[in-house]
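Reviewing the structure listed below.
This one's a predicted model, so the numbers in the text were calculated from it and none came from an experiment.
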Amino acid sequence: MSKISEAFRKGKAFIAFVTGGDPTLETSRDIILAMAEAGADIIEIGIPFSDPIAEGPVIQAANLRALAAGADLAGIFELVRQVRCKTAVPLVFLTYLNPVYKYGYDAFFARCEQAGVDGIIIPDLPFEEKDELAAIADAHKVDLISLVAPTSAERVQKIARETRGFLYIVSSMGVTGVRSEIKTDLAAILAAARAASDIPAAIGFGISSPEQVREFGRLADGVIVGSAIVRLVERYGEAAADQVFDYVKQMKDALTDLGG
Amino acid sequence: MQDKAEKPGRFGGHGGQYIPETLMNEIQELERAYEFYKNDPDFTAELDSLLKNYAGRPSLLYFARRMTENLGGARIYLKREDLNHTGSHKINNVLGQVLLAKRMGKTRVIAETGAGQHGVATATAAALLGLECEIFMGREDTERQALNVYRMELLGAKVHEVTSGTMTLKDAVNETMREWTKRVHDTHYVLGSVMGPHPFPTIVRDFQSVISREAREQILAAEGRLPAAVVACVGGGSNAMGMFYHFIEDASVQLIGCEAAGRGIETTQHAATIARGTAGVFHGMKSYFCQDDEGQIAPVYSISAGLDYPGIGPEHAYLHDIGRAQYVPVTDDEAVDAFEYLARTEGIICAIESAHAVAHVMKIAPAMPAEDIIIINLSGRGDKDVAAIARYRGVQIHE
């Protein structure tokens, strides 16, 4: 079992996202360590990209802030190295395919393994195209985490069977961002996924409040929060780590209340 | 032109379907619908009728006598896509896609636009066929092409000004894709060029290939022989792909695409993807893109809003790889000179996009023998560009 799947064995997993290098790589390091200390079970680090087509305005802006501050892949890998000196929390990259393609799949995944990256989520790499790098990721012990969406229908089962680490269930149509209401029949998607595989499933997109964490935590094996954290970074900048710590702790506590 | 051994939607190593999972079922449904309707006699008859009776096809193949005499080399013909309804080649693709959307049961279409030609064409087809229409256009372009914004609104479309990223065509595509992931059940994305995820590069190429199907017949009727070269401007590459397609198997016909070199390919202000781009994956496809060493998409520049795009369709990337087509850079200065030259020599004000192709022909025609023929695809008319050209020349226009 991978380190990522392992993280779900202790109970419901809280998965926290932050864009690497926003507003600086040093701040990202402090935020990631604060999230780990506050109880995040898995941490996603967004690799900034100029044109993040699956993101809403909050994370788009974070990508642009990070790039404007000079974040590059060398810096992101150095960030991972520094974080790895202090914590064993599973780390997952969230990246668009182009930066990985440009770096070269072999070189990129070798570097991930060396730096201690446990998984990768690539929103613009669907099931049909993943074979070009899946074996390389496997060889370097990096879990290629697949997504299913409200429109996936009969695709859920084949995707669930081949994902690594966990199955990422996109809660809603559209792009990332905080939502007050999520109407998708997530129970049906989860049932289809669980019929196909016993891999853990986590719900993300639009989740920001402890109430939502409880609601989706009851259904799934974990919940993912991104935009709400990035909004704190946007607001507090280099002083965001303490705010993020409090927020993640509150969210993790809400999950733990479920007996997670 | 596709390698037979490959999976559909691949052109050499280019193409593919690199899009979020949310869109996968929809895009596969589109592929199935297109495969069915392209061979459905009712569908093709309705499309042919619209192309003939509404868009005004076939478009003229016009012998540019004055230009030919003035340049003193090859015989120059203009394929007059500028005379189509809505003033450009974009209507060919849009009528096909909006008709397809309607057959698929969609009630709403969305589209990106750069210069506004594709947006105007989409708004027109939506008005004609009774679908709701929303257009995404970068703020930079809504300012450069204010007249087209109003034109789309007159046609009943809602125009969204895109303020993310560089606020040009690339960002308009990003925003339209984001909008599509929000609402696919009743909405079709009318992609405007031979780009994006499969099946769009194939669908758009097929609908645009009417250009070369007509041009090939017309030139054989007029001259009894094939041209030495066909020349078209290339942004995403839809008018060029349409112009090339039925000449690909004619090995003697040179296929030449003219990219926007902006202020020069030695500067950072250009959109010359083949000259300066590298292999990448973006907007749903593998192809060549203007990007940095880290895979960040580069800001691009051209005086022409329609060519101001950092990528090129995957079939063009393939035609370049195998050496079947040639791609050459043309600067703003050269395009503006050609725009004015064509106006004065032939009495035709063409789109600044198409002027890039005219400019290249002005360079090569004089050195070619008089029995050679060149066809320029005059992809659009230039009314929309008159104010911008005046500004470029430092002339103040007051209406």
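Under a 3.5 Å cut-off, the side chain of N98(A) and the backbone N or O of G295(B) do form a donor-acceptor pair. Checking side-chain atoms of R178(B) against main-chain N and O of E55(A) turns up a donor-acceptor pair under 3.5 Å.
Of all non-hydrogen atoms in I297(B) and S50(A), the two that sit nearest each other are N-OG, 2.9 Å. In terms of heavy atoms, A153(A) sits closest to N25(B) at CB-ND2, 3.8 Å.
Remark: K286(B) does not engage E129(A) in a salt bridge, criterion side-chain N to carboxylate O under 4.0 Å.
The structure places CG of D51(A) at 7.5 Å from OG1 of T166(B), a figure rounded to the nearest 0.5 Å. From Y18(B), atom OH reaches atom CD of E132(A) across 3.5 Å, with rounding to the nearest 0.5 Å. Atom CG of L67(A) sits about 9.0 Å away from atom CD of E294(B), to the nearest 0.5 Å. Rounding to the nearest 0.5 Å gives a distance of 9.0 Å between CG of D171(B) and CD of Q60(A).
Within the 4.5 angstrom heavy-atom criterion, only backbone atoms of P48(A) (N, CA, C, O) approach chain B. With a threshold of 4.5 angstrom between heavy atoms, P123(A) approaches chain B through N, CA, C or O but not through any side-chain atom. Using a 4.5 Å cut-off between heavy atoms, D293(B) touches chain A through its backbone atoms (N, CA, C, O) alone.
Counting heavy-atom pairs under 4.5 Å between each of Q291(B), E179(B), H283(B) and chain A puts Q291(B) at the top. Among M24(B), K170(B), Q17(B), E21(B), the residue making the largest number of heavy-atom pairs under 4.5 Å with chain A is E21(B). The choice from I122(A), N63(A), V175(A) that makes the most heavy-atom pairs within less than 4.5 Å of chain B is V175(A). Residue with the most contacts toward chain A among H185(B), R183(B), Q28(B), E175(B): Q28(B) (heavy-atom pairs, distance under 4.5 Å). The residue among D292(B), N174(B), V281(B) with the most heavy atom pairs within less than 4.5 Å of chain A is V281(B). Interface remark: of the candidates P299(B), P197(B), A279(B), A279(B) forms the most heavy-atom pairs closer than 4.5 Å to chain A. Looking only at heavy-atom pairs under 4.5 Å with chain B, the residue among L97(A), V100(A), V170(A), L64(A) that has the most is L97(A).
I53(A) places none of its side-chain heavy atoms less than 4.5 Å from the side chain of T181(B). Taking the side chain as every heavy atom from C-beta outward, Q296(B) and D72(A) never approach each other to under 4.5 Å. Considering only heavy atoms from C-beta on, F282(B) stays 4.5 Å or farther from Y101(A) through its side chain.
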